[in-house]
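A short write-up of the structure that comes next.
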Amino acid sequence: MQFTAAALFALLGLASAQKVHVVSVSSTNNTLAYFPDNLKADVGDMIQFQFRAGNHSVVQSTFDQPCSPINEHTNTTGIFSGYQLVSASASAGSIPTYTVQVAAKTPLWFYCSQAKHCQAGMVMVVNENTAANATRSLANFKALAKLATSNTAPSSAFGGTSGSNSTTGTGSGSSSSGSSSGSSSGSTGNDATQSGSASTTSGTAVPTAAASIIGASSSMGLIGLAAALFML
């Protein structure tokens with residue numbers, strides 16, 4: 001029974017370990033922002049971008065070049081969701097999604113490459129660390145973005161898993177080619193994300209029914225196995 005109890009608690013811990021943080025890209029009234037735009041995530045956590053309106057994107061950049069892809073300035077591949085036309089998905093009863101896995105605890109900087117959205121403040125950060133460098137804040141990133149002379153997008157999507165969440169509570173997805181890891185310019189350290197699949201929803205996220213189901217499908221399987229061990 002001691003072994004069974006230990007296995008039970010180990011499996012329950014595994015079921016709750018991985019989190020999915022949901023970021024809404026824009027809003028139903030097409031606000032040029034990410035919600036939230038300042039997020040804390042652990043290594044191994046998933047970030048699912050859910051596109052709510054318009055035709056937006058998510059691109060990884062460095063802090064110093066906020067409206068330009070990170071791969072144009074460093075050896076880091078980064079991520080690019082591609083442009084997600086929400087109206088096309090809405091007619092099919094779903095919303096577009098793009099999911100990445102956090103591979104480093106260092107700050108990750110993102111922007112929307114549509115028109116002048118980056119310059120208008122449609123940027124965000126994951127794991128802002130002003131304790132290490134007070135100048136590298138989201139506010140300063142937005143200020144730099146406002147001064148950018150261009151807003152650049154990669155030629156094709158890469159580095160994450162594109163999919164859709166049905167408004168009835170089901171979801172699907174497919175991986176984009178490539179993943180990212182490496183070093184960003186400046187003192188922010190390693191900027192890294194990688195493609196992956198969602199597991200368990202975060203209590204700090206703003207989950208939809210479909211995002212919740214993504215987490216439940218994995219965790220409920222583990223809980224069922226744990227229950228079976230408990231009965232031994």
Is it the case that the side chain of Tyr98 and the backbone of Gly160 share a donor-acceptor pair, with hydrogens and angles ignored and the cut-off at 3.5 Å? yes

How long is the straight-line distance from CG of Leu39 back to CD1 of Ile47, given to the nearest 0.5 Å? 5.5 Å

Side chain Lys116, main chain Lys146, donor-acceptor under 3.5 Å: no

In terms of the angle between their ring planes, are Trp109 and Phe63 parallel, tilted or perpendicular, with boundaries placed at 30° and 60°? perpendicular

Is a side-chain N or O of Ser24 found less than 3.5 angstrom from the main chain of Ser27, in a donor-acceptor match? no

Heavy-atom closest pair (Ser61 atom, Phe141 atom, distance to 0.1 Å) is OG-CZ, 3.5 Å

Once rounded to the nearest 0.5 Å, what's the spacing between atom CE of Met46 and atom NZ of Lys19? 14.5 Å

Examine distances only and state if a side-chain atom of Gln101 and a backbone atom of Gly44 form a donor-acceptor pair shorter than 3.5 Å. yes

Spell out, as yes or no, whether a donor-acceptor pair under 3.5 Å connects the side chain of Asn133 to the backbone of Thr130. no

Value rounded to 0.5 Å, distance of CG in Asp64 from CG in Asn140: 11.0 Å

When every non-hydrogen atom of Gly159 is compared with those of Val100, the smallest separation belongs to O-CG1, 3.8 Å

So disulfide bond (SG atoms under 2.5 Å apart) across residues 43-107, not counting sequence neighbours, yields Cys67-Cys118

Rounded to the nearest 0.5 Å, how far does CZ of Phe80 lie from OG of Ser155? 8.5 Å

Quick check: closest heavy atoms across Ala120 and Leu32, and the distance to 0.1 Å? CB-CD1, 4.0 Å

Backbone N/O of Glu128 and side chain of Lys40: donor-acceptor pair under 3.5 Å: yes

Which residues pass the side chain to side chain donor-acceptor pair (under 3.5 Å) test with Ser68, not counting sequence neighbours? Glu72, His73

For the OG1 atom of Thr97 and the CD atom of Gln84, what is their distance to the nearest 0.5 Å? 8.0 Å

Ignoring hydrogens and angles, tell me if any N or O in the side chain of Thr31 forms a donor-acceptor pair with the backbone of Ser26 under 3.5 Å. no

Gln114 vs Asn151, test: side chain to side chain donor-acceptor pair (under 3.5 Å). Steps then yes/no. CA-CA 7 Å; Gln114 181 68 266; Asn151 192 15; over 6 Å; no

Can you tell me if Asp45 uses its side chain to pair, donor with acceptor, with the backbone of His21 under 3.5 Å? no

Any sub-3.5 Å donor-acceptor pair from Thr76's side-chain atoms to Gly78's backbone N or O? no

Flag, side chain of Ser94 to backbone of Ser166, donor-acceptor distance under 3.5 Å: no

Nearest heavy-atom pair of Cys112 and Tyr34: which atoms, and what distance? N-OH, 3.0 Å

Can you tell me how far CZ of Phe110 sits from CZ of Phe49, rounded to the nearest 0.5 angstrom? 5.0 Å

